[in-house]
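To keep things clear, I will list the structure first and then write my remarks on it.
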Amino acid sequence: MGFSAEWLSLREPADRAARDAALLARAAQVAGPEPVVLDLGCGTGSTLRTLGGHLPDTARWHLVDNDPALLERAATEAPGRATVHALDLRDLDALPLEGVTLVTASALLDLMPADWIGALADRLAAAGLPFYAALSYDGIMRWEPELPRDVDIAAAFNDHQRGDKGLGPALGPDAATMAARIFRDAGFDVQTGQSPWRIGPDQAPLHRALVEGIAEAASEKGLAVAGDWGRSRAAMAGDSRVLIGHHDMLALPPGTA
Ligand SMILES: C[S@@+](CC[C@H](N)C(=O)[O-])C[C@H]1O[C@@H](n2cnc3c(N)ncnc32)[C@H](O)[C@@H]1O
């Protein structure tokens, strides 16, 4: 599962349905009456579309990604109110924090190593900025009906998620727990919520794409049965279900009203 616009648009309805509603509402509130939101790893603008509906129409956005094509698409979502920044997130000093009232990310923390999250927490603590990070994968996969190799596949996939995604070994399924701890240690008041995908028979295209990505990752980790498992699961997508665990986090700096 890369970051193609097609994959991101396929997953967006599941992401929107999954987000913890109370944390989303609280994030919108702490953005203040004249929100300026900095979205890290914005993709095509999923967070802009979802959080934007909870913000005043005047909200301004700074969109950060290292993929210019995705950035261009995201910017069309808030004409005249979005500034794009083609940046590599490894360079946290380059983040345009000036005037920002809320920093956001979605489906990003599980790609990142612990030291990057620590450096981000330090940077946002120094700037006194709240951070809303949605949809960090937590390693849980539950299929109905089950297949004999589901557990092995999940283990191989989770192992793959801990690989280097560009900034060093990623936290993968440990990202949500670790990020909460890191932000607490940096002095933030951290609230968390669960945001699992619940994919049913009516979402077969997402289900099939998900299965394909999981099988490919498990195969890359050397699990020989991954291909057969993927073909079986894809064939069952129209009459089976899967829960994929995610967590949301809202980290508030001291003194947030
Ligand atoms: C899984 S996608 C999530 C996109 C979007 N936030 C969403 O929820 O649909 C991760 C995004 O982070 C971006 N990204 C990953 N590593 C990055 C890096 N080192 N610097 C900048 N952007 C990065 C990718 O290009 C991609 O758009």
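Just so we're clear, the structure is a prediction, and the values are computed from it rather than from any experiment. In listed order, ligands and their atoms are each counted from 1. No hydrogens, no waters, no symmetry mates; every other heavy atom, side chains included, goes into these values.
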Classify the contact between Ser46 and ligand 1 as side chain, backbone, both or neither, using a heavy-atom distance cut-off of under 4.0 Å. side chain
Can you list the ligand 1 atoms lying under 4.0 Å from a non-hydrogen atom of Leu87? 20 (N), 21 (C)
Within 4.0 Å of some non-hydrogen atom of Leu70, the atoms of ligand 1 are 27 (O)
For ligand 1, which atoms sit closer than 4.0 Å to a heavy atom of Asp88? 18 (C), 19 (N), 20 (N)
Going by heavy-atom distance to atom 4 (C) of ligand 1, choose the closest among Ala107, Ala74, Ser4, Gly41. Gly41
Which of the atoms in ligand 1, numbered in the order shown and given with their element, are less than 4.0 Å from a heavy-atom of Leu108? 12 (O)
Taking a cutoff of less than 4.0 Å between a non-hydrogen atom of the residue and any ligand atom, is Thr47 in contact with ligand 1? no
Taking the six-membered ring for Trp, are the ring centroids of Phe188 and Phe131 within less than 6.0 Å of each other? no
Under the salt bridge (charged side-chain N to carboxylate O under 4.0 Å, His left out) test, which residues partner Arg198, sequence neighbours left out? none
Are the side chain of Trp229 and the backbone of Ala218 linked by a donor-acceptor contact shorter than 3.5 Å? no
Taking the side chain from Asp65 and the backbone from Gly43, do they hold a donor-acceptor pair closer than 3.5 Å? yes
With no hydrogens and no angle check, do the side chains of Gln194 and His246 hold a donor and an acceptor under 3.5 Å apart? no
Tyr137 versus His247: any side-chain heavy-atom pair under 4.5 Å? no
If you take the nearest heavy atom of each of Asp15, Thr44, Asn66, which one is closest to atom 23 (C) of ligand 1? Asn66
In ligand 1, which numbered atoms sit nearer than 4.0 Å to a non-hydrogen atom of Leu167? 19 (N)
For atom 5 (C) of ligand 1, which candidate among Cys42, Ala5, Ala105, Ala134 provides the closest heavy atom? Cys42
Asp189: partners by salt bridge (charged side-chain N to carboxylate O under 4.0 Å, His left out), with sequence neighbours left out: none
Contacting atoms of ligand 1, where contact means under 4.0 angstrom from a heavy atom of Ser106: 3 (C), 5 (C), 6 (N), 7 (C), 8 (O)
Is the closest N or O pair between Asp65 and ligand 1 shorter than 3.5 Å? yes
Would you call Arg142 and Asp150 a salt bridge, taking side-chain N to carboxylate O under 4.0 Å as the test? no
